[in-house]
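As structure tokens, the structure follows; a few thoughts come after it.
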Amino acid sequence: MPMRQDQDMKLKYLSSLAEKYPTIAAASREIINLQAILNLPKGTEHFLSDIHGEFEQFEHVLKNGSGSVRRKIDEEFGNTLSNKDKKSLATLIYYPEEKLDLVLREEENIDDWYKITLHRLVQITKRVASKYTRSKVRKALPPDFAYVIEELITEKAEVQDKEAYYNEIIHTIIRIGRAPQFISALSHLIQRMVIDHLHIVGDIFDRGPGPHVIMDTLSQYHSVDIQWGNHDVVWLGAASGSLPCIATVIRIAARYGSLEILEEGYGINLMPLANFALEVYGDVDCSAFAIKFNTDYNTKDLSLDMKMHKAIAMIQFKLEGQLVSKYPEFQMENRLLLDKIDYEKKTVRVGDREYAMLDVEFPTVDPQDPYRLSVEELQLMERLRQAFIRCEKLQRHARFLFSKGGLYKTYNSNLLYHGCMPLNEDGSFAKVSVFGEEYSGKELYDVLEHYARKGYYGTEISEKSKGQDILWYIWAGPGSPVFGKDKMTTFERYFIEDKEAHIEIKNPYYGMLDREDIIGNILEEFDLDRNTAHIINGHVPVEQKNGESPVKCGGRLLIIDGGFSRAFQHQTGIAGYTLVCNSRGMRLVAHELFESREAAVMKESDILSDSIEVETFTVRKRVADTDNGADIKENIYYLEELLAAYRDGSIIERHV
């Protein structure tokens, strides 16, 4: 009986497939197409992590494909172009509109420059398009120039004098005044085709000034997935309406002098917070809440921002205390510090030690009930919650993160995650209690993500509330895979000068990154081969200037957070690690500090610094060797079954 059911299900599926391929000819044609795709070189994957709002550097690395564009130029032109000409061509491809403005002002014979440049761009376009099917290339072509570009990059056997044919097309483009637009179109097409798929391994948000710009860019990108970092998760919590997450997002923006992200980037009205801060903290010492601002910060806002900073921080500590008390299983009692303050002695007890406090002037804190929000604070947070959940742009970005993202991803024999696999001291998977059940390993990731999605999409009030509380726990909880520390010492860093109180102990995972048995166990937990697969890991800046390597465990684990965030660059000495994986191997790329977009255009300065060959494939990988290839093989199998069904009469062809 089960076999009969399987056969019936298969026949139903084949009948559904026949709607799309109604004849033997149609099914055969698709099989041939798919089989051809399997034999193409695998597309280039680009891995970025810990962008932290640094949108200019992010967009530059995206445009240059971590050096992929320059490598294509080197491959195509070798020694036939000078290094200066190669740099100029690369800059034009990255920033065609800005570079064209400069050229038009400086070039004496613009028609000759157009002719030379267009020929070079066509050659690069041919090279980057060569690993794709003509159909895929056609879909990527800009509509205004699709026909002309296809003519220029497609070999025409029937044309005898090819050089004259192509020259005449380019001459016509120049003659009718469309060369600038055509150069821009080719440049953007090269950027589009040099990278087949983009992976963002966490932390798009916080610190830097442009996470909303980055999110807009990613939303338009042709193929992308995202592994949430803890900073992304707290923004998802804020978008869902979680009050502790909202307070945290605002506090971090205030701390780094980037409240304009919320006000201008997302259009969230912070005037209620400003008015509250002026009224309640107007004459209060706020010196412990200094702003870590950059050169773009308007210092006229400094005094108000410090007051807003303190106001929202105190609300955050209260809201977090309420959650910690609500969920003893979170094991975060060490974060309950407002009730450990001695206001007369100006001290606070943390663990078994008493520390002097820099500030105890908290007009909204009732020492008898320190975690209760005042009526004014409750009203303020409800207004802010409404502003967050009604912000169309933030909600669109949150839905994009949920649709393209998750806490981890397995892709082409790589395991991608932002933080760590929570481990015990002996290397075993740590058990974490989630609403009365214990989870570890892959199950822990899955259950946390399950509740995170409920926190945003849930319709039943209690389940949605639990999900929002889990979103906050993922941000700061000791068992969270994307946090990976025993505690987040935010309170101590504001109020205690003694650096010993600031220490956050990392999960044992971080001391075991070179242990083959541990890394192998993690890979197998996610059904990957311990001997050939890799872990791609973000979250922890690699201190390259102190000799630390991003390559761990003989290349099985790669850390790609090298310091996009300017806040970490004094620590790392570089401006980020990225990873490129193409059909020939895997390469880690270390980037120099990025000056600015203007400097990149004017000085033709790229930020590619150094690269490390992580692995060179002995045989060039094809699409057949990828996850997409496995899906294509399955499609071929069912199409061949459909052919057999047509031929034995199980399904009748539909001639049209």
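Side chains are part of it too, since the values below use all heavy atoms of this structure and drop only hydrogens, waters and symmetry mates.
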Would [X] and [Y] count as a close aromatic pair, with their ring centres under 6.0 Å?
| X | Y | value |
| --- | --- | --- |
| Trp228 | Phe402 | yes |
| His199 | Phe47 | yes |
| Phe495 | Tyr355 | no |
| Tyr445 | Tyr439 | no |
| His397 | Tyr266 | yes |

Tyr473: which of Phe435, Phe330, Tyr451 passes ring pair (Phe, Tyr, Trp, His ring centres under 6.0 Å):
Phe330

When His231 is tested against each of Phe205, Trp475, Tyr256 for ring pair (Phe, Tyr, Trp, His ring centres under 6.0 Å), which residue passes?
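Option passing the ring pair (Phe, Tyr, Trp, His ring centres under 6.0 Å) with His231: Trp475.
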
Taking only distance into account, with no hydrogens and no angle test, what donor-acceptor pairs under 3.5 Å do side-chain atoms of residues 382-389 form with protein atoms, sequence neighbours excluded?
unit_1 : atom_1 : unit_2 : atom_2 : d
Glu382 : OE1    : Arg385 : NE     : 3.1
Glu382 : OE2    : Arg385 : NH2    : 3.1
Glu382 : OE2    : Gln386 : NE2    : 2.9
Gln386 : OE1    : Arg390 : NE     : 2.7
Gln386 : OE1    : Arg390 : NH2    : 3.0

Using a 4.5 Å cut-off on heavy atoms from C-beta on, say whether the side chain of Ile315 contacts that of Leu380.
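Side-chain contact under 4.5 Å: yes.
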
Charged N-O contact under 4.0 Å between Glu460 and Lys454:
no

Partner residues of [X] under the side chain to side chain contact (heavy atoms under 4.5 Å, CB included) criterion, sequence neighbours left out:
| X | result |
| --- | --- |
| Val280 | Phe276, Pro363, Thr364 |
| Arg396 | Asp216, Glu392, Lys393, Arg399 |
| Glu344 | Asp342 |

Going by the rule salt bridge (Lys or Arg N to Asp or Glu O under 4.0 Å), which residues pair with Lys464 if we only count those two or more places apart in sequence or in a different chain?
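Expected list: none.
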
For Glu525, salt bridge (Lys or Arg N to Asp or Glu O under 4.0 Å) partners two or more places apart:
none

